[in-house]
There are 2 protein chains.
Amino acid sequence: MVVQQELTDDDVNRIFRALADATRRDIVRRTLVAEISVSHLADAYAMSFAAVQRHVAVLEEAKLVTKEPRGRERIVRGDPGRIRQAQRLLDGFEQIWRSRIDRLDTLLEEQAN
Amino acid sequence: MVVQQELTDDDVNRIFRALADATRRDIVRRTLVAEISVSHLADAYAMSFAAVQRHVAVLEEAKLVTKEPRGRERIVRGDPGRIRQAQRLLDGFEQIWRSRIDRLDTLLEEQAN
DNA sequence: GTAACATACAATCAAATGGTTGTACAACAG
DNA sequence: CTGTTGTACAACCATTTGATTGTATGTTAC
């Protein structure tokens with residue numbers, strides 16, 4: 001069983017920071033569809049291999065992708081679990097807002113009585 | 001009815017970038033709970049008024065909060081709709097991954113036949 | 001063994017970020 | 001009218017980011 005460990009502020013910063021770039025979001029999409037090497041990924045973008053390598057590193061630091069050696073290549077895979085963690089973070093905001101609405105409803109109800 | 005307009009890459013960048021900072025996430029939380037002026041917000045943080053003002057501006061550019069003049073104050077409110085849009089973005093990733101699993105299932109099924 | 005390929009990593013550079021202080025001005029309180 | 005409060009905005013500075021090129025090293029193919 002995968003333990004749902006607490007995310008630090010820095011963890012959350014890294015997750016959202018990593019997602020705040022179109023190239024990196026595209027890399028996440030591609031690596032969720034199928035595993036792919038860094039060099040094959042690099043073919044898809046109009047930038048240097050080193051730049052793509054760096055984007056992958058940012059995603060890896062955010063744990064949104066994992067990198068595994070296979071021969072001379074490094075295979076990159078998107079991590080759907082981490083995406084779900086990010087979803088849960090946004091859910092948190094949603095909950096806050098909803099509980100506010102609930103409180104307002106309660107207040108209005110009390111005034112009606 | 002609120003039209004669900006398409007988000008550009010830059011829109012998405014701004015949303016995630018804005019969320020990639022603990023102070024800004026806290027501002028979003030506070031302004032979802034209750035509307036509050038910029039100066040009252042600033043009281044909550046160990047940084048200058050101008051710095052908080054800038055954080056609010058970043059959130060406003062991402063449309064995660066709105067700012068409305070009230071007398072000499074500027075009232076800040078979190079926008080739950082924009083949060084939901086962000087949730088939908090992460091849902092998109094989730095879908096990609098799930099459709100991959102579906103394809104793999106289909107493939108395995110075909111091989112079994 | 002040699003050449004080609006895939007990666008890692010350092011140095012470098014421009015632009016963006018996150019913070020500061022200072023100045024100006026509008027709105028409210030007395 | 002005057003002083004205080006709330007905001008806007010500019011200038012400035014250190015750090016981070018996003019990209020480049022160059023060099024080194026490991027892996028595969030022949």
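Quick note on labels: first sequence line is chain A, next is B, and so on, each numbered from 1. Every value quoted in this text rests on a predicted model; they were computed, and no experiment measured them.
- Proximity of residues 35-44 of chain B to DNA chain D (heavy atom under 4.0 angstrom from any strand atom) is restricted to B:S37, B:V38, B:S39.
- Counting to the nearest Å, the P atom of C:dT20 and the OH atom of B:Y45 are 14 Å from each other.
- In terms of modelled atom types and a separation under 3.5 Å, the side chain of B:R24 and the main chain of B:H55 share no donor-acceptor contact.
- Separating the CZ atom of A:F16 from the C1' atom of D:dT17 is a distance of 19 Å, rounded to the nearest angstrom.
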**OP:** Carefully, step by step, assess A:D11 and A:R82 under the rule side-chain contact (heavy atoms from CB on, under 4.5 Å).
**Re:** CA-CA 11 Å; A:D11 289 334; A:R82 196 61 157 186; 4.3 Å; yes
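- Taking the ring centre of A:Y45 as origin, the terminal cationic atom of A:R30 falls inside the region bounded by 6.0 Å and 45° from the ring axis.
- The CG atom of B:L89 sits 7.5 Å away from atom CZ of A:R25, with the distance rounded to the nearest 0.5 Å.
- Distance check, rounded to the nearest 0.5 Å: CZ of A:R100 to CD of B:E35 gives 7.0 Å.
- In this structure, B:T31 OG1 and A:I96 CD1 are separated by 9.5 Å, a value rounded to the nearest 0.5 Å.
- OP1 and OP2 of D:dC9 both lie 4.0 Å or more from every side-chain N or O belonging to B:Q53.
- Here CG of B:L7 is found 4.5 Å from CD of B:Q85. Values are rounded to the nearest 0.5 Å.
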I'd like to know whether B:M47 forms a side-chain contact (heavy atoms from CB on, under 4.5 Å) with B:V52, so could you lay out the CA-CA distance, the side-chain angles of the two residues, the decisive distance to 0.1 Å, and finally the verdict.
CA-CA 7 Å; B:M47 69 184 74; B:V52 174; 3.7 Å; yes
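- Terminal axes of the helix from C:dG1-D:dC30 to C:dG30-D:dC1 (five pairs each, C1' rotation axis) are separated by 30°, to the nearest 10°.
- Spacing between atom CZ of A:R14 and atom C1' of D:dT16 amounts to 14 Å, rounded to whole angstrom units.
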B/S/- along nucleotides 19-30 of chain D (protein heavy atoms under 4.0 Å) is SBB-----BB--
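- A cation-pi arrangement is absent between A:R29 and B:W97, since the terminal nitrogen or guanidinium carbon is not both under 6.0 Å from the aromatic centre and inside a 45° cone about the axis.
- Within the 4.0 Å cut-off from OP1 or OP2 of C:dA6, not a single side-chain nitrogen or oxygen of A:K67 is found.
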Practice item. For the pair A:R77 and A:V65, evaluate side-chain contact (heavy atoms from CB on, under 4.5 Å) and give the outcome as yes or no after the intermediate values. Key: CA-CA 5 Å; A:R77 291 188 186 82; A:V65 306; over 6 Å; no
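- A heavy-atom distance below 4.5 Å is found between the side chains of A:E73 and A:I75.
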